[in-house]
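Written out below as structure tokens is the structure these notes cover.
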Amino acid sequence: MTNKASAQMLATRRYLALFFPFLPAERWLRTAPKRPDAPLVFAEKQRGAMRLASVDAAALAVGLRPGMPLADARAQVGDLTIVSHDPVLDQDWLDRLAQGCARYTPLVALDAPDGLILDIAGAEHLLGGEAGVITDIEMRFARLGMTLRHALGPTADAARALARYQARPAPDEASAIRRLPVVALELDAEATTALVRAGLKTIGDLASRPMANLAARFGVDAAMALRRILGDAPSPLDPRIAPPPVVAERRFAEPLGSTAHATKILTELAAEAIEDLAERGKGGRHFRATFFRSDGLARTIAIETGNPTRDAGLVMRLFAERMDGLADPLDPGFGFDMIRLAVPRLETLGASQLKLEGGAVKDAAIDELADRLATRLGRGRVRRFRPADTHIPEQAQLELPAIDAPAPLPWQEPDPGEPPTRPFHLFDPPQPIEVIAEVPDGPPHQFRWRRQAHAIRRYEGPERIAAEWWRRRDNGGLTRDYYRVEDAQGRRFWLFRHGLYDEKPDPRWYIHGVFA
């Protein structure tokens, strides 16, 4: 692909960068009992000293800046409201803002710690063009009390740089980009200082120089950052959530103030999504419902199923389970103006035939019960055993969440009428025992376990199980000789000798399980 064709392809994208310069302060004020009279600053320990991590507009106006030592800030401004910086809560709040922006486009990326980037190519038709989208975003963030700076650009890096560093208006985007200071490249302090000392103070100054000379003098990073802002190199967007293959949504001119009404709409969207899945010959494994509020926030509720499904009734029963178990109930606030149901995970679901001997209906009921319990109690709370491809007894089954997809391996079933070759319950780890054998490498004659002696009346074995070849070099890779034994009281045990005499001079004996 030529550079010209690449540039034309990049130009088809439109990115909107959102910058929240006072995000920590405005997030904190939402839950504060009252607005402080003094400038608000957020402090954290950096390099052994307390420094300002963020400030509000009032603190910025009196000359306080992030990175300033807290002691200097106190000396400069006597009356301060000081709050401990909490980047985790700031990240959660930014994620909630991103969730609300999903109403405009599924391609929303976090620009941590205080920004978002939206790919709005193809989304302008929602509100009558780019201006309508921006106006709607400004209105919703104003309701949330968020100060917002925004900018459009042909690349994600260009939009981000304009939103954060543009100081004065320009006739067009290209001119605005060229007017940006070199600090917009966000290089390290040494490289930025070197550029300024060389008389290269703006992006336009850099763009007028040969790219090879810039890379040779100031480094490849400087040249690549410049190319990405100018649109000569791609600046890919890493969306917060990948766009789902199946989506059904509904927008409302008048917001819905009732959760019950919203649930009814979700039922209709589930039916639409199921129809789409049927046309594709697929079933859904993961369903995600997002309720967009008119104030700009959104709430997402997700469910999973253990098997692919196209049963709208099952999907809504699982959503009802999840909603009933929410610690923070679904709150419409000033109303929901949009509801979206996405199916991000699909699997092939073809026609199936019931077994002549029955049992399929019972299996489906058990799977549905497992899904409902996992939805109510938590994904990892309901578990089941899955077969594993190994002949090591304690590793032949895995305990995994019941909602996970079943393994392709079938369980090994014993021959009809034959006694089980493995105990139902295995000790993990196997428990050591003391064994008396007639010959060193022969079957056990008597063993002591838990301070009790057991005289062996019958035995069957040995069943020799060797370790996988990649484990034979360590202690756990010894060969095992298993015996099924029965003592004088009729109790049956599963014993093994860990190691052959040519592998280890004194192999130990263990009990691995007890037969019922």
Side-chain angles (χ1 to χ4, degrees), residues 92-93 95-100 102-103 106 108 240-250 252 255-277 282-295 297-333 335-347 349 364-384 400-406:
D92 290 344
W93 179 236
D95 191 72
R96 290 193 64 187
L97 298 179
Q99 196 174 13
R103 70 172 63 243
V108 180
R240 170 179 166 270
I241 298 177
V246 174
V247 178
E249 62 182 38
R250 195 77 54 84
F252 312 104
L256 304 180
S258 167
T259 303
H261 193 184
T263 304
K264 181 179 178 182
I265 298 298
L266 182 61
T267 303
E268 297 175 2
L269 295 178
E272 295 178 13
I274 293 302
E275 290 181 5
D276 194 344
L277 291 173
K282 303 285 187 178
R285 285 284 312 282
H286 185 190
F287 296 81
R288 187 173 63 231
T290 305
F291 301 84
F292 295 90
R293 299 191 339 184
S294 58
D295 61 0
L297 295 180
R299 181 74 179 274
T300 296
I301 299 175
I303 61 169
E304 290 183 87
T305 60
N307 296 297
T309 183
R310 289 200 295 265
D311 186 347
L314 170 62
V315 171
M316 291 310 302
R317 288 193 293 272
L318 294 180
F319 270 120
E321 290 281 355
R322 178 56 54 84
M323 292 180 184
D324 291 342
L326 290 175
D328 182 15
L330 187 64
D331 180 16
F336 299 119
D337 58 2
M338 176 179 169
I339 300 176
R340 174 184 296 154
L341 177 64
V343 190
R345 184 177 176 187
L346 312 182
E347 290 184 7
L349 180 61
I366 293 175
D367 290 340
E368 181 177 346
L369 175 62
D371 291 341
R372 295 181 63 182
L373 290 175
T375 301
R376 180 184 304 176
L377 304 177
R379 193 181 193 280
R381 295 294 184 88
V382 183
R383 308 177 73 84
R384 69 172 63 180
L400 300 173
I403 207 166
D404 283 354

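Within the 4.5 Å cutoff, no side-chain heavy atoms of Ile339 are placed close to those of Glu249. Under the 4.5 Å side-chain criterion, counting only non-hydrogen atoms from C-beta, Met316 is in contact with Leu266. Residues Arg288 and Thr300 have side chains in contact (heavy-atom distance under 4.5 Å, counting atoms from C-beta outward).
Atom-to-atom distance recorded for Leu326:CG and Asp328:CG is 7.5 Å, nearest 0.5 angstrom. With rounding to the nearest 0.5 Å, the separation of CZ in Phe319 from CG in Leu330 is 11.0 Å. A distance of 9.0 Å separates CZ of Arg345 from NE2 of His286, quoted to the nearest 0.5 Å. To the nearest 0.5 Å, atom CD1 of residue Ile403 and atom CG of residue Leu373 are 10.5 Å apart. Leu256 contributes atom CG, which lies 8.5 Å from atom CG of Asp337 (distance to the nearest 0.5 angstrom). Distance check: Ile303 CD1 to Leu318 CG gives 4.5 Å after rounding to the nearest 0.5 Å.
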Exercise for the section: Give the intermediate values and the outcome of salt bridge (Lys or Arg N to Asp or Glu O under 4.0 Å) for residues Glu304 and Arg379. Expected result: CA-CA 9 Å; Glu304 290 183 87; Arg379 193 181 193 280; 2.8 Å; yes
Exercise for the section: In sequence, state the C-alpha distance, the side-chain angles, and the governing distance for Asp371 and Arg317, and then conclude on salt bridge (Lys or Arg N to Asp or Glu O under 4.0 Å). Expected result: CA-CA 10 Å; Asp371 291 341; Arg317 288 193 293 272; over 6 Å; no
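Nearest heavy atom pair, residue Pro308 against residue Glu347, reads CD-OE1, 3.7 Å. For Ile274 against Ala312, the heavy-atom pair with the smallest separation is CG1-CB, 3.9 Å. Across every non-hydrogen atom of Arg299 and Pro329, the tightest pair is NH1-O, 3.5 Å. The heavy-atom pair separating Pro332 from Gly257 by the smallest distance is CG-O, 3.5 Å. The two atoms that bring Arg384 and Ala370 nearest to each other are NH2-CB, 3.8 Å, heavy atoms only. A pairwise comparison of heavy atoms in Asp311 and Thr309 identifies N-OG1, 3.0 Å as the closest pair.
Partners of Phe336 by ring-ring contact (aromatic ring centres under 6.0 Å, His included), not counting sequence neighbours, listed by chain and number: Phe291.
Between the Arg322 side chain and the Thr375 main chain, a donor and an acceptor come within less than 3.5 Å of each other. The closest donor-acceptor contact from the side chain of Arg310 to the backbone of Leu349 lies under 3.5 Å. When atom types are taken as modelled, the side chain of Arg103 and the backbone of Arg293 share a donor-acceptor pair closer than 3.5 angstrom.
Among residue pairs with one or both ends in residues 257-272, those qualifying as side-chain hydrogen bond (donor to acceptor under 3.5 Å, both in side chains) are Arg250-Glu268, Arg250-Glu272; sequence neighbours excluded.
With hydrogens and angles left out, the side-chain atoms of Thr290 and Gln99 include no donor and acceptor closer than 3.5 Å.
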